[in-house]
Amino acid sequence: MPKTQFINPALLRKPQTLELGSIPVNVYNKSVKNELSRFSGEDLLRIYRDMLIIREFETMLNLIKTTGEYHGVAYSHPGPAHLSIGQEAAAVGMAYELDMDDYIFGSHRSHGEILAKGLSAIQKLDDDRLYDVMKTFFEGRILSIVEMGHKGDVKSLALKFLTYGTLAEIFARETGFNKGLGGSMHAFFTPFGIYPNNAIVGGSGDIAVGAALYKKINRKKGIVVANIGDASLGCGPVWEGLTFATMDQYRELWEGDMNGGLPLIFNIMNNQYGMGGQTCGETMGYSIAARVGAALNRENMHAERVDGYNPLAVIDAYKRKMKILEEKRGPVFLDVLTYRFSGHSPSDSSSYRSKEEIEAWESVDSIVTFGKELIEAGVADQASLDTIKIQSGDLIMDSFRLSIDDQVSPRMNLVSNPGLIGEMMFSNGSVDAMEEGPLDTLMTMEENPRVMQISKKERFAFDEKGNPHSAMKQYQFRDGIFEAVVDRFYKDPTLVAYGEENRDWGGAFAVYRGLTEALPYHRLFNASISEGAIVGTAIGYGMCGGRVIPEIMYCDFLGRSGDEVFNQLPKWQAMSGNLIKMPVVLRVSVGSKYGAQHSQDWSSLVAHIPGIKVVFPATPYDAKGLMNAALQGTDPVIYFESQRLYGVGEEFHKDGVPEGYYEIPLGEPDVKLEGEDLTILTIGATLYRARDAARLLKEKYGLSAEIIDARSLVPFNYDLVLRSLKKTGRILLVSDASERGSYLKDMAQNITELAFDDLDAPPVVVGSRNWIIPAYELEDYFFPQASWILDAIHEKIVPLKGHMTSQNYTAAEQLRRSRMGV
Ligand SMILES: Cc1ncc(C[n+]2csc(CCOP(=O)(O)OP(=O)(O)O)c2C)c(N)n1
Ligand SMILES: [Mg+2]
């Protein structure tokens, strides 16, 4: 059903003053003594202990980085260590109320948060479950290490498990939480609800929103916390994450139990600095970060600044804010005031701040202050606090010794197994549904008007006489995508799709027409115009266990989701040590007609990035089969669709597009036309121009071309191409991507190496010009045309008798263009 929200000019044009309401700042004013009825002595001492463990952990790393040793034990750690010495109360306060079902995401400076959340989880899990987590994680490998010679109960064993697993990860050991593939800035441990930390500043800003979306849509327990820095508020992904998280539709349009805000807290670890830049007074204008909440929604996102130098103030805030989330009135924006004594990294000489400033904060050190309050309140005496300090030191020393022992904690052996990381890039799963459960749909698939309409269509483009069916009657490329998508919506309850104009509009190119009627809002919705967040939230949704189809309306807009596509989507499966999967199928429509910023084919750009599968179907049969395969898999796939092709019928697969389910394996090219004299390898919509060229070659020059449609870019199986070359000995490759540095060039290079003995001429690439894309009327001078294919063959492969070229494919011109950079 289309939405019916009336936009009333009479109301909108009425003069009024917008009241933004007040935002509390540091309102908590209690001490340990005042809170004895709320916390047991044991709890308070644990808060103290947890802060100390973090302090000691970070101090150890600081000493290693700056002096090369810790308590006389030498070690060199060349990798990063962004420490949070000074920020312990903020981390422990954040994690105290959370349990395993609550997920935290973090930044480059998140060791403290990992430990705080892990310590909180250890406290909350009973011994059996806790032991079970340790026993099942990586087949008990970490447990077997920390169990060696351990005396003590399960909880104390778990402390060692947590500190060792984190440290071994930081030191790139195979026995770390992510097999050493994450490291300091990315380490995480999902069984305790610790989700990926992110070396890209603000990277968690939209990914965490996707995790909250996953929790909400899949009716999972728990909340999500995005721990991000004060300076990250200047980053696009954070802003887009905030706007995506506060869309009105969750409360205005989502129905039934889905109605209500996201279970999400943006937790700003506000240490006043982004490296050396001061956020208040220099690089930002908010003065108090909590102010940002006021821009996002009517409730100011329940924004508040809390004193993160007092763990109890943060815990108090979490208790109150978690209630708001429970009432589905989220998300929440928390500005947690804190300060790092340590530099941005250990090499930082702190030239951007004064000694007095650091000393002023050290004089109110949260651990010292809290310790004093514990004594004043009669919870502890100095001796018992000293004992906790010694125990924390011993814990860190034990874990340190174990994690630097090359026998106990080896690195991944890339000598004996050079392909190990390669094997971890993709999960290559094949699953109907990411999880079983009730399917939220509004009608059966058979009742769907679009499904009914398609069922009457001709599934092959031509009638028995070879005449084309009318456009109305013909099963189109867009129908192929639709059939695969709708089928999956009825198979996988976790599947959601969103992007710009995905719902009432029917998708910008009518691929989703008919889905709005079939699906409730929470499974198909319009996203904010936030390409970064569209992809970023999908990453968060996918890594939590849901399948998702985000959409980018024009390929050119991929640039807006650059970080998400370059740094996040492709990397998390391997960086997690294969702990997480990424079942995200990103639909990207490749334009034409709309000029330089709406017509670019960037398939080459993404094919370059390790960790993403890339497909580019050109026929309805392939569109459906490849979408089915992409949606059956567990890997990130970028699925390109050419806007030139949405209306085409199936012209190649003689039996037409099957009504039932079938998959076309990713990576397998397809012979679209058999021939003897020359192979033409096409990507995407150039298939049709290659076919025109093949006709001309036959008619005018008596040459028979074999056309192979690549269908996939990554992975790609060369067998078919190499077989074809045994026959033809010549190959031309063509795609709409700009030629320089294109994927075709890569393929041509591979073919040269792999088929050198079979080649009569070098492989020739025909791509688009290295220009801006001109207006529609001039496009034929930019994108490869059938005549260009003939020109290139004539000039570089085999002379075509009497051929008059329209384009200059001579070596001299190639050299001239290269010199010009065009
Ligand atoms: C996208 C990106 N830009 C720049 C950097 C380099 N960098 C690392 S940390 C940092 C400052 C981040 O400040 P903030 O978000 O406040 O976190 P903090 O370091 O204070 O914990 C910068 C600029 C980066 N890692 N990622
Ligand atoms: Mg900061």
Side-chain angles (χ1 to χ4, degrees), residues 105 107-108 185-186 196-210 226 228-229 231-245 274 425 498-500 527-543 548-575 582 584-591 594-616 635-641 713-714 736-738 740-743 746 770 772-773:
F105 289 77
S107 72
H108 55 286
M185 298 195 280
H186 314 109
N197 295 301
N198 215 302
I200 301 296
V201 170
S204 290
D206 50 14
I207 293 177
V209 179
I228 48 179
S232 82
L233 286 168
C235 299
V238 174
W239 182 252
E240 290 196 2
L242 284 162
T243 53
F244 196 105
M425 293 305 292
Y498 54 87
E500 291 154 20
S528 47
I529 311 303
S530 312
E531 286 79 9
I534 288 169
V535 182
T537 54
I539 292 164
Y541 192 90
M543 68 167 61
V548 48
I549 311 176
E551 190 210 27
I552 300 288
M553 195 194 277
Y554 275 80
C555 185
D556 310 71
F557 312 159
L558 261 182
R560 277 287 178 88
S561 50
D563 178 53
E564 290 76 3
V565 172
F566 296 167
N567 278 312
Q568 312 290 347
L569 187 66
K571 295 184 179 174
W572 283 111
Q573 291 200 95
M575 277 210 294
M582 194 60 74
V584 177
V585 179
L586 175 60
R587 288 184 50 223
V588 177
S589 178
V590 182
Y594 278 30
Q597 295 182 329
H598 275 63
S599 313
Q600 187 95 29
D601 172 343
W602 272 353
S603 52
S604 286
L605 210 61
V606 297
H608 176 68
I609 305 165
I612 318 181
K613 294 182 175 176
V614 183
V615 299
F616 201 158
D635 288 311
V637 178
I638 299 194
Y639 182 100
F640 286 100
E641 309 161 14
L713 287 77
V714 182
D736 283 328
S738 282
R740 185 176 57 233
S742 66
Y743 192 65
D746 193 60
N770 302 311
I772 58 159
I773 302 161

Going by heavy atoms in the side chains, are [X] and [Y] under 4.5 Å from each other?
{"X": "Q600", "Y": "Y554", "value": "no"}
{"X": "C555", "Y": "F640", "value": "yes"}
{"X": "V548", "Y": "P550", "value": "yes"}
{"X": "E531", "Y": "E500", "value": "yes"}
{"X": "M582", "Y": "M543", "value": "yes"}
{"X": "P196", "Y": "I207", "value": "no"}
{"X": "L558", "Y": "V565", "value": "yes"}
{"X": "Y639", "Y": "I549", "value": "no"}

Provide the closest heavy-atom pair for [X] versus [Y] in the form atom of the first, atom of the second, distance.
{"X": "A596", "Y": "I772", "answer": "CB-CB, 3.9 Å"}
{"X": "A574", "Y": "M425", "answer": "CB-SD, 3.8 Å"}
{"X": "N197", "Y": "S107", "answer": "CB-O, 3.4 Å"}
{"X": "I200", "Y": "N567", "answer": "CD1-ND2, 3.6 Å"}
{"X": "I612", "Y": "P570", "answer": "CG1-CB, 3.5 Å"}
{"X": "G202", "Y": "P237", "answer": "O-CB, 3.8 Å"}

[X] side, atom [atom1]; [Y] side, atom [atom2] - distance, nearest 0.5 Å:
{"X": "D556", "Y": "S589", "atom1": "CG", "atom2": "OG", "answer": "9.5 Å"}
{"X": "S738", "Y": "I773", "atom1": "OG", "atom2": "CD1", "answer": "6.5 Å"}
{"X": "I529", "Y": "T243", "atom1": "CD1", "atom2": "OG1", "answer": "10.0 Å"}
{"X": "I539", "Y": "N198", "atom1": "CD1", "atom2": "CG", "answer": "9.0 Å"}
{"X": "S561", "Y": "L586", "atom1": "OG", "atom2": "CG", "answer": "6.5 Å"}
{"X": "E551", "Y": "R587", "atom1": "CD", "atom2": "CZ", "answer": "4.5 Å"}

Is atom NE2 of H608 surrounded by more than 12 heavy atoms (other residues, nucleotides or ligands) closer than 6.0 Å? no
For F566, what residues pass the ring-ring contact (aromatic ring centres under 6.0 Å, His included) criterion, not counting sequence neighbours? none
Derivation of the ring-ring contact (aromatic ring centres under 6.0 Å, His included) call for F244 and Y498: CA-CA 12 Å; F244 196 105; Y498 54 87; 5.6 Å; yes
May I ask you to decide if [Y]'s main-chain N or O and [X]'s side chain share a donor-acceptor pair within less than 3.5 Å?
{"X": "D736", "Y": "D601", "value": "no"}
{"X": "D206", "Y": "I534", "value": "no"}
{"X": "E240", "Y": "G532", "value": "yes"}

I'd like to check the salt bridge (charged side-chain N to carboxylate O under 4.0 Å, His left out) partners of K571; sequence neighbours left out, ordered by chain and number. none
Take H598 and F557 through the side-chain contact (heavy atoms from CB on, under 4.5 Å) test and state the conclusion after the steps. CA-CA 8 Å; H598 275 63; F557 312 159; 3.4 Å; yes
